[in-house]
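Position 1 is the first residue of the sequence; numbering continues from there.
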Amino acid sequence: MQRKNTILKRGGFALIAAIGFIVVIATIMTLALANTARTSKQTVDLYLYEQAQVYAKSAVELILLEISKNEICSVTQESFILDEIYDVNYSVVYIIDEATKNSHASCGDDNTIVVQTPQNGSARIDIAIAVAQDKATNTEPIRVFRRTIQKL
């Protein structure tokens, strides 16, 4: 009587099944690692973007303080750096009446808009905040623009 060797048949199938299982697990782990890397990059980009929006609001207050310390029409445009990461550029256009424009020597045609109704004056402030690419670790350019009109 001849004996059938069933152990070898199962051993070959088990080896193929184990290799298939390892390939499936490796694929799942690769996808999980790629998703984790993408999520952490998006988190950093979102944080930098939200921080830039908050700094844009704060920069308005800082510019209004600078305007109140100086003569009207003297603050027009400038740039500065916040937290060594954010480059802030702003420009100010004054909305004033003709009498106010004539009474201040620093009011030129390029930084004023003359209106007919007498008022204390307003300022249109344009702010651009960008994340410096050499200072931050992100790869996406992050830039926030804010335009506001403030009473003087």
Locate the shortest heavy-atom distance separating [X] from [Y]; write the atom from each residue and the value.
X: I67; Y: A123; result: CD1-CB, 4.5 Å
X: S79; Y: N89; result: CB-OD1, 2.6 Å
X: I127; Y: A56; result: CD1-O, 3.7 Å
X: T30; Y: A26; result: OG1-O, 2.8 Å
X: A130; Y: R143; result: CB-NH2, 3.8 Å
X: I96; Y: G121; result: CG2-CA, 4.2 Å

Rounded to the nearest 0.5 Å, what separation is found between the [atom1] atom of [X] and the [atom2] atom of [Y]?
X: I125; Y: I63; atom1: CD1; atom2: CD1; value: 5.5 Å
X: L15; Y: I19; atom1: CG; atom2: CD1; value: 4.5 Å
X: R146; Y: K57; atom1: CZ; atom2: NZ; value: 6.0 Å
X: Y47; Y: I142; atom1: OH; atom2: CD1; value: 11.5 Å
X: Q53; Y: E50; atom1: CD; atom2: CD; value: 5.0 Å
X: I22; Y: T27; atom1: CD1; atom2: OG1; value: 11.5 Å

So [Y] and [X], do their side chains get closer than 4.5 Å, heavy atoms only?
X: V60; Y: Y90; value: no
X: N35; Y: L31; value: no
X: D126; Y: F145; value: no

Given I149, T148, V92, the one that forms side chain to side chain contact (heavy atoms under 4.5 Å, CB included) with R124: I149

More than 12 heavy atoms from other groups under 6.0 Å of CD on Q77: no

